[in-house]
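What follows is a single structure, written as structure tokens, with notes after it.
Residue numbers begin at 1 in each chain, while the letters A, B, ... track the order of the sequences.
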Amino acid sequence: MSDNLTSVKQSKLTVSSNNVDRRGFLSSVSAIAAVTVAPGVALVGFAEARSVDKEPVTDARRWGMLIDSSRCVRGCDACVSACGKENGLASYSRPQTDVQWVRKVTVRDTRTRRITSLPVMCQHCQDPPCVDVCPTGASFRRTDGIVLVDRHICIGCRYCMMACPYKARSFAHESANNQKSHAPRGKGTVEACTFCVHRVDENSDRTPACVEACAAQGHGAMVFGDLNDPNSQLSKDLDKYSSTELRGDMGLNPGVRYRNI
Amino acid sequence: MRKFWLFFVLAVVSTAVSGFVFAGQENALLSGGAVSKWKGDACVEATPVMRREHMDFLLKQRDETMRQGIRNGPYSLKGCIECHAQEDEQGQEIPVNASGQFCQECHQYVAVSIDCFQCHVATSEPRK
Amino acid sequence: MMKIVDYVEIEGRSIGYWVLLAILGAGAAAGLGASYYMEHHGHWVTGMSNQIVWGTPHVFAVFLIVAASGALNVASIASVFNRVMYKPLSRFSGLLAIALLIGGLAVLVLDLGRPDRLVVAMTSYNFKSIFTWNIFLYTGFVVIVAAYLWMMMERRMNRYSKPVGMFAFVWRLALTTGTGSIFGFLVARQAFDAAVMGPMFVVMSFSYGLAFFILLLMWTYHMSGRTLGDAILLRLKNLLGVFIAGVLYFVLAYHLTNLYAAEHRGVEQFILVSGGIYTQAFWIGVVMLGSIVPFLIFHLPSTEKSRLGIAVGSVLVILGGIAHIFVIIVGGQAYPLVIFPGKEIIESSFFDGQVASYAPSLPEVILGVSGIAIALLLVSIAIKVLRFLPDSLADDVVFSVGSDAVLGEEEKAAASSAGA
């Protein structure tokens, strides 16, 4: 019954997202105005403008990540454990069914024998196949680019897991316990990396737990930020270095990009 | 004519039953008193409003939070738990969906099974 | 000389019938129990994992759904393609189609992570999802075939049975294409991502549905002591032979296309050569036992007219069909996703680059098989309650009906007026 309400609400939400577009347009106009008046300062002000209490996220931002695999250390799994701790992911020592929102992979080039290590998580695609195939609309992409699962209407069919090219999603095979209040999770539904959306929403300067942990290790292999903001460290790095996307052949335009694979 | 009497009896019976239910609900809730010890003595809305509409508040805010990233609204489940979770003698928090606790007491009375806590944790984060 | 086809319920009073119902009922109940067990503990008690996300229940569910649409074919041949000889079989064909579909859907739903949220799947839709299309195709199929049955069984409605039958035929083609497209549209996986999946599933449905139909027809006529003539049975058998060849043709086209593209050679090597159980299931299950052996049984002079041969051949087609779906669904997942082309994966905590292992647990096998039990239970009850089966399918009955097709309307009218 409650789920009926969800769908009604969803349609309301779609309506309001049209307003969002208009608002987004207006604010970009004002941003341009601001830039002409007070360069730099105004831009920063704009980036901080959203009040998390009232305003919906907009596509003015697109969250993304750049992972430099040359700085990622083989054998280090600080990002993985930080993710588990942050999101209350329990391991039952059953690797086949334990959830993994982020994992470490080490690859060797079959021709050059070069070895690289890198974390793989939900790539937060622009055109996510998981969202396309989800029968109930539980898989969705927020306008700021974060791909999430609405576990209130997920029926646990796992079609999204079949569709994801990155094996980024896990099925909750067990009853959950000791969840974090910011990261609810439960048996019989599908889950994946959220870009630590609870952190990012609270304060746009905060980074996901994995990025924080990587920096704390002194590796700094992961840079998180707004792909649409030309002044973000992420955008500057993407300008400076060549980067690549996983399964670029599929044209999904993922939010996560890699260097030096 | 027989039909009319049938409907009439049905109407009378249902009014009577619902009256009892409402009266009973008042009693159950007024005597229960499982309310906040942390955040003062008023809920985010007047009690009658909360009784009638808390589920709508919760669902609306849940969708806004999840799909639009609007955080810190007044009607969060987290907020309910922070106020209404009780502690046992050892100072351990009791889950709000445990028998006799704030959420469970009322929902059990009205025979509503809620599945919020299959995913959401039923205690608040440790207070710092 | 014209004999009227007389549809009669089976008596259904023998001990054997009640024992059968009890066994099938127990099978259905066991499926529910298995589902409860899986849902209560969570899916970790099954062989399914984050690597093999769809397992045995899905193999049986997809097989039954595919067979369901195929079972309707006999009715379609009669009403869409005017082969009046098949007309007496139409009702049973429609019944089997509905029963198999319900059996398959039951398994699919009972395996969901949250089967209690079935109502969500019925109220909240994402219309870009092929699953959503299929929800409508499946429920629509049941409604349309039920209407079709009504048109056929209610004398007043008989005249509408042809257009409704036509619609049902088009719908079932869409349904099976939709089912195949569940896999065909999965662009990320090496073994799927093939447009041929849709049409291939259509031909697979012809084959499996007809095999089911022949088998159940022979069995019910044998058990109820009715006459089943050679004429109709041999024709159905020949048709099944054609469908078997059709499936092989599509399998060949699918694998040849993949073999041609360098990027798909890995998965082809896996399925055709090095895949262990999947390779065996393919060559022994699908190709040998599921196709070549029944084809030979149906066409070798020594066995082509043997009833035992027809029954054995149909069973083999069904088993081969289950093997085929197993290779497609589980084999397709067992081969790892290629996330890093040109690289080999030397370490991963999440089984990247490794062939996934899958050992089905008892509950999921029970759940899968219970789908067949549910379907057969529905059929057993329905043929006792309603008039689905002609009391005789002896050759003279079938042929006197069949001769209608040979005679035109005018000749028939002339014949009847001459008779009067």
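In terms of heavy atoms, Leu148(A) sits closest to Met66(B) at CD1-O, 3.8 Å. Contact detail for Val121(B) and Lys180(A): the closest heavy-atom pair is CG1-C, 4.2 Å. Closest heavy-atom contact between Pro184(A) and His120(B): CG-CE1, 3.3 Å. Scanning all heavy atoms of the two residues, the minimum distance from Lys78(B) to Ser181(A) falls at CE-OG, 3.5 Å. The shortest non-hydrogen separation linking Gly69(B) to Arg142(A) is CA-NH1, 3.1 Å.
Atom CZ of residue Arg151(A) and atom CD of residue Gln118(B) lie 13.0 Å apart, to the nearest 0.5 angstrom. If you take CG on Leu59(B) and NE2 on His152(A), they are separated by 8.0 Å, rounding to the nearest 0.5 Å. Distance CD/Glu55(A) to CD/Gln68(B): 11.0 Å, rounded to 0.5 Å.
Neither the backbone nor the side chain of Ser76(B) comes within contact range of chain A; no heavy atoms are under 4.5 Å apart. Only the side chain of His182(A) comes within contact range of chain B, with at least one heavy atom under 4.5 Å from a heavy atom of that chain.
For CG of Asn177(A), the number of neighbouring non-hydrogen atoms (other residues, nucleotides, ligands) closer than 6.0 Å is greater than 12.
Of all the listed residues (Lys187(A), Arg185(A), Arg141(A), His198(A)), the one sharing the greatest number of non-hydrogen pairs under 4.5 Å with chain B is Arg185(A).
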